[in-house]
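The next block holds one structure in the form of structure tokens; read it before the comments.
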Amino acid sequence: MNPKVRTRFAPSPTGPLHMGGVRTALFAYLFAKKHGGDFLLRIEDTDQNRYVSGAEDYIIEALHWCGITIDEGVPMGGPYGPYRQSERKELGIYNKYAEQLVTSGHAYYAFDTPEELENMRNRLISAGEVAPQYNGTSRNTMVNSLTLTADELKQKLESGTPYVIRLKMPLGENVTFTDIIRGEVTVNSSLVDDKVLLKSDGMPTYHLAHIVDDVLMEITHAIRGEEWLPSAPAHIMTYRYLGWADKMPQYAHLPLLLKPDGNGKLSKRDGDRLGFPVFPLNWTDPVTGELSSGYKERGYYPEAFVNMLAFLGWNPGTEQEIFSMDELVEAFSFEHVHKSGARFDPEKTKWFNEQYLRMQPVSDLADRLRTSVMKEFNYDASDVRLSEKFLHRTVELLKDRIHFESEMIPTGNYLFETPHEYDQPTIAKKWKDQYLSFFKELVNSLQQLNEFSIAEVDGAIKATAAANSLKPGEIMHLLRVFISGQGVGVDLLGMLELLGKDEVVKRLNNALQMINDKTNS
RNA sequence: GGCCCGUUCGUCUAGGGGUCUAGGACAUCUCCCUUUCACGGAGGAAACACGGGUUCGAUUCCCGUACGGGCUACCA
């Protein structure tokens, strides 16, 4: 029987998680859930120089907002804890396995200083080497436990000379492994350098830490970005040298997310440069105070964001595009994950949001609109504009015209407030003095209506127009401007009915006063 | 530069030798609906990078070229 599927998302807390990271987490989550497994969050905080405070909380909040639920790991813990590598270091595991590799002859101590490393690279470059590396050939010229005598080594170690432990990559060996997405990948071991496994500060590098942790946490599938493909052979070798070939998770290297414009992978800087967020949530840089905008605060539904993300590099193989998280879990498979990078399109993201907006129940939108209205305007609790009926109808009038819920008030502001300004270009274009009597009569006619319904109002407008030998088409646009102040907007008759007799009459009188003032000035 | 990975409409993609006069979606254009603008509906334009093979037959398989992406740290 196959072991229970366990996948993990293992970001390093160096800043806010960007959407590429969220997608990696999403695919790992979908795969785990599809197979009835667990999804873990491990924090890879082995680089103390790049640690950013708040980043870990941000990652947790972002995943939560997206509906990606963590079964185990940071923050709640679990049977394989701790789940932060800085804390796991205290367990002595990284040290232990690094030493084990040294003992078995698959790794060695290296005492070279940064200057010496730099010199070595320059030396190789001037010797015509295009890719200077610390590897099977150059290590013989360096200061390490392979070139030092036993006494020299002992002396260095005892005097506390800083050292790293490097993986001893073999020369000229073909390393083959199977990637779930790319199939069989073969790389010659000569091409990959002797990776540092343990740094001089005692911390492991990613190369060692993720392997030790994946095995100890019984991870079955290691899902990560394509940028790791070149170092995968080093990882494969490490598993073998540690005697963990049978415990190695299956690797899946995901295609990268590319910039909507120009070249290269999507970066944290692209978002605000191009006017769309690259982060799920707002992020304020703790050092510079600079704000990067997030999808949440921009008014995107997490479901829309996730749906969009899922379709970057993956497809269900059918023509269905709108998927709930449950449906994504059901449909997900690596067979339908692309090999090539996906250019991200902000326009499509908006479209996804619109789709989710249209699916919202009107009553839910009305409830949320009430909250916004109360915040925006100082209405009395008994104000009709806070009534169920008014809000419900407002939502119906507005919802198909907007991309975000947050646009309801800005787009429909004239439904909440009597206009103070009017679209003068439209008035100038349409207005004729002979319309004055029509509008005056219309006010009277509307005032006499017992029932202020669409049908009644429509009837009154038509009758008054006919009495003035006007075609309704002539004055409808002006009527809209007089009522809403704007030339475009929601259905006119629907708006009149919603506003009600008193408000409509009031607005009409205001507008006629405005016309009068203009004429006299 | 070297190495690795990739290459279907502008973008995301369907497609695993004949069903491809290459399908869908976003964006774009036209028309319809609408006494506004949207929404909605209908339609249009728009792609197999190139060159060699293999094959009766290649978008689909192989090789090369071009292009794109990634990596090339005591960062992940």
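Order of the sequence lines fixes the chain letters, A, B, ..., with proteins taken first and strands second; residue numbering starts at 1 for each chain. Atom set for the values below is all heavy atoms of this structure, side chains included, hydrogens, waters and symmetry mates excluded.
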Respond yes when some side-chain nitrogen or oxygen of [X] is under 4.0 Å from OP1 or OP2 of [N], and no when none is.
| X | N | value |
| --- | --- | --- |
| K339(A) | C4(B) | no |
| K265(A) | C71(B) | yes |
| R182(A) | G6(B) | no |
| R343(A) | G69(B) | no |
| H253(A) | G6(B) | no |

Base-pairing mate for [N] - Watson-Crick or G-U, with both contacts under 3.5 Å:
| N | value |
| --- | --- |
| C26(B) | G10(B) |
| C20(B) | none |
| C3(B) | G70(B) |
| U34(B) | none |

Identified side chain to side chain contact (heavy atoms under 4.5 Å, CB included) counterpart of T349(A) within the set F276(A), F311(A), F344(A): F344(A)
Determine the interatomic distance between [atom1] on [N] and the same-named atom on [M]; round to the nearest Å.
| N | M | atom1 | result |
| --- | --- | --- | --- |
| C71(B) | U65(B) | C1' | 23 Å |
| A14(B) | G23(B) | C1' | 6 Å |
| A46(B) | U11(B) | C1' | 12 Å |
| U7(B) | G24(B) | P | 23 Å |
| A47(B) | G10(B) | C1' | 10 Å |
| A45(B) | C3(B) | P | 45 Å |

Base, sugar-phosphate alone, or nothing: which one does [X] contact when heavy atoms must sit under 4.0 Å apart?
| X | answer |
| --- | --- |
| R224(A) | nothing |
| D112(A) | base |
| K195(A) | nothing |
| H403(A) | nothing |
| S200(A) | base |
| V488(A) | base |

Parallel, tilted or perpendicular: rings of Y356(A) and Y301(A) (30°, 60°): tilted
Lys/Arg-Asp/Glu bridge criterion (N-O < 4.0 Å) met for D214(A), R42(A): yes
Salt-bridge present (D345(A), K348(A); N to O < 4.0 Å): no
D193(A) or E227(A), whichever maps to the more 5' nucleotide of RNA chain B: E227(A)
Nearest-nucleotide pick for R50(A), side chain only, options being C75(B), C5(B), C74(B): C75(B)
Y422(A) OH to L478(A) CG distance, which is reported to the nearest 0.5 Å: 12.5 Å
